[in-house]
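Report on the following structure.
Hydrogens, waters and symmetry mates play no part in the numbers below; they use all other heavy atoms, side chains included.
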Amino acid sequence: MGTVIEREAPVPPRTPPAFRVGDVVVHHAEERDIPAIVALNNLFAPDGLTLRRSDAFVTSHLQDYQVIRGEDGRILGQVALDEYTPSLVEIVSLAVAPDQHGKGLGQCLITAAEHLARERGHNELFAISLAEALFLRMGYTLTSIEIYPEKIARYRTISRSELSIGRKFCFTKALR
């Protein structure tokens, strides 16, 4: 009747190699990291430093998350990329455990996010953050969120109040 086509077994997803920033190793997040990513991210949400994330959100964006783990496996810091267009991507969910602040992990995570964005072919990276000194130190330029109507539209679908919580800074960096 019809031709039977045998298919190969699906290829399991390959975990990209870890990225080293100096002595710090940044790993691509794994399924086992989801609860810790959500907990660390949401620790900063009440102060408007991060947007609240759910297990479902992190699960659906897991390939975009990178983490720094302690020797005991605990997530010490995390960052994710959120793609808007093939050339434009945002740094989101940047968070470092409170007991790890001041150790340079935020810089390592931003460097790793830039590396991943370059690997994926993005030309521009932006971030909305209150960490002005950190992003300026990392070579970002202060700009206006108004140049990213895609971001404004997404904020409105999440929460209209996100556009008015505190004074959020918008930073941009061209990737070469």
Side-chain angles (χ1 to χ4, degrees), residues 9-21 24-86 88-101 103 105-120 122 125-131 134-135 145 148 150-166 168-171:
V11 176
R14 182 182 73 81
T15 301
F19 181 72
R20 185 172 288 280
V21 183
V24 176
V25 179
V26 182
H27 301 272
H28 286 272
E30 299 173 7
E31 208 169 312
R32 67 184 169 110
D33 300 323
I34 294 169
I37 288 170
V38 170
L40 180 57
N41 181 87
N42 292 346
L43 181 65
F44 300 100
D47 295 325
L49 300 175
T50 57
L51 292 178
R52 186 161 295 284
R53 301 294 187 204
S54 65
D55 285 2
F57 177 89
V58 175
T59 299
S60 67
H61 293 88
L62 193 60
Q63 72 280 0
D64 301 318
Y65 275 88
Q66 297 178 78
V67 298
I68 296 172
R69 292 189 188 92
E71 290 180 16
D72 60 357
R74 178 174 74 108
I75 302 293
L76 305 178
Q78 66 192 36
V79 68
L81 294 178
D82 191 6
E83 182 179 301
Y84 284 81
T85 68
L88 178 66
V89 67
E90 179 184 11
I91 291 178
V92 298
S93 298
L94 177 63
V96 174
D99 65 337
Q100 299 298 308
H101 287 184
K103 297 181 179 182
L105 299 185
Q107 290 180 357
C108 293
L109 289 162
I110 292 169
T111 299
E114 291 172 0
H115 177 76
L116 181 59
R118 280 187 193 95
E119 278 186 345
R120 292 181 175 179
H122 298 291
L125 192 56
F126 78 99
I128 307 296
S129 177
L130 296 173
L134 173 62
F135 280 95
I145 193 172
Y148 299 112
E150 309 96 321
K151 178 63 177 178
I152 293 170
R154 200 170 288 179
Y155 263 155
R156 287 190 177 123
T157 64
I158 296 170
S159 169
R160 293 187 184 279
S161 67
E162 284 303 319
L163 289 170
S164 61
I165 293 177
K168 294 191 179 206
F169 299 100
C170 184
F171 304 93

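- Tested against Phe19 for a side chain to side chain contact (heavy atoms under 4.5 Å, CB included), the candidates Val24, Thr111, Val25 yield a single pass: Thr111.
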(Q) For Ile110 and Val79: C-alpha separation, side-chain torsions, deciding distance, then whether side chain to side chain contact (heavy atoms under 4.5 Å, CB included) applies. (A) CA-CA 7 Å; Ile110 292 169; Val79 68; 5.6 Å; no

Q: Could you check Arg120 against Val89 for side chain to side chain contact (heavy atoms under 4.5 Å, CB included), going step by step and ending with a plain yes or no?
A: CA-CA 10 Å; Arg120 292 181 175 179; Val89 67; over 6 Å; no

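- Residue Gly77 comes nearest to Leu40 through the heavy atom pair CA-CD2, 4.0 Å, listed as atom of the first residue, atom of the second, then distance.
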Q.
Set out, in order, the CA-CA distance, both residues' side-chain angles and the distance that settles side chain to side chain contact (heavy atoms under 4.5 Å, CB included) for Leu116 and Glu119, then state yes or no.
A. CA-CA 5 Å; Leu116 181 59; Glu119 278 186 345; 3.8 Å; yes

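- At least one donor-acceptor pair closer than 3.5 Å links the side chain of Asn42 to the backbone N or O of Arg53.
- The shortest non-hydrogen separation linking His28 to Gln63 is ND1-O, 4.4 Å.
- Side chain of His122 to backbone of Pro86: a donor-acceptor contact under 3.5 angstrom is found.
- Ile68 and Cys108 get closest at one heavy-atom pair: CD1-CB, 4.2 Å.
- Across every non-hydrogen atom of Leu125 and Glu114, the tightest pair is CD2-CG, 3.5 Å.
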(Q) Is there a side chain to side chain contact (heavy atoms under 4.5 Å, CB included) between Glu90 and Leu81? Walk through the geometry before answering. (A) CA-CA 6 Å; Glu90 179 184 11; Leu81 294 178; over 6 Å; no

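- Asp47 contributes no side-chain N or O that, together with a main-chain N or O of Phe44, makes up a donor-acceptor pair within less than 3.5 Å.
- The ring pair (Phe, Tyr, Trp, His ring centres under 6.0 Å) test with Phe171 is passed by exactly one of Phe135, Phe126, Tyr148: Phe135.
- Formation of a donor-acceptor pair under 3.5 Å by the Thr50 side chain with backbone atoms of Ser93 is not found in this model.
- Using a 3.5 Å distance cut-off with no hydrogens or angles, the side chains of Gln78 and Tyr65 do not pair a donor with an acceptor.
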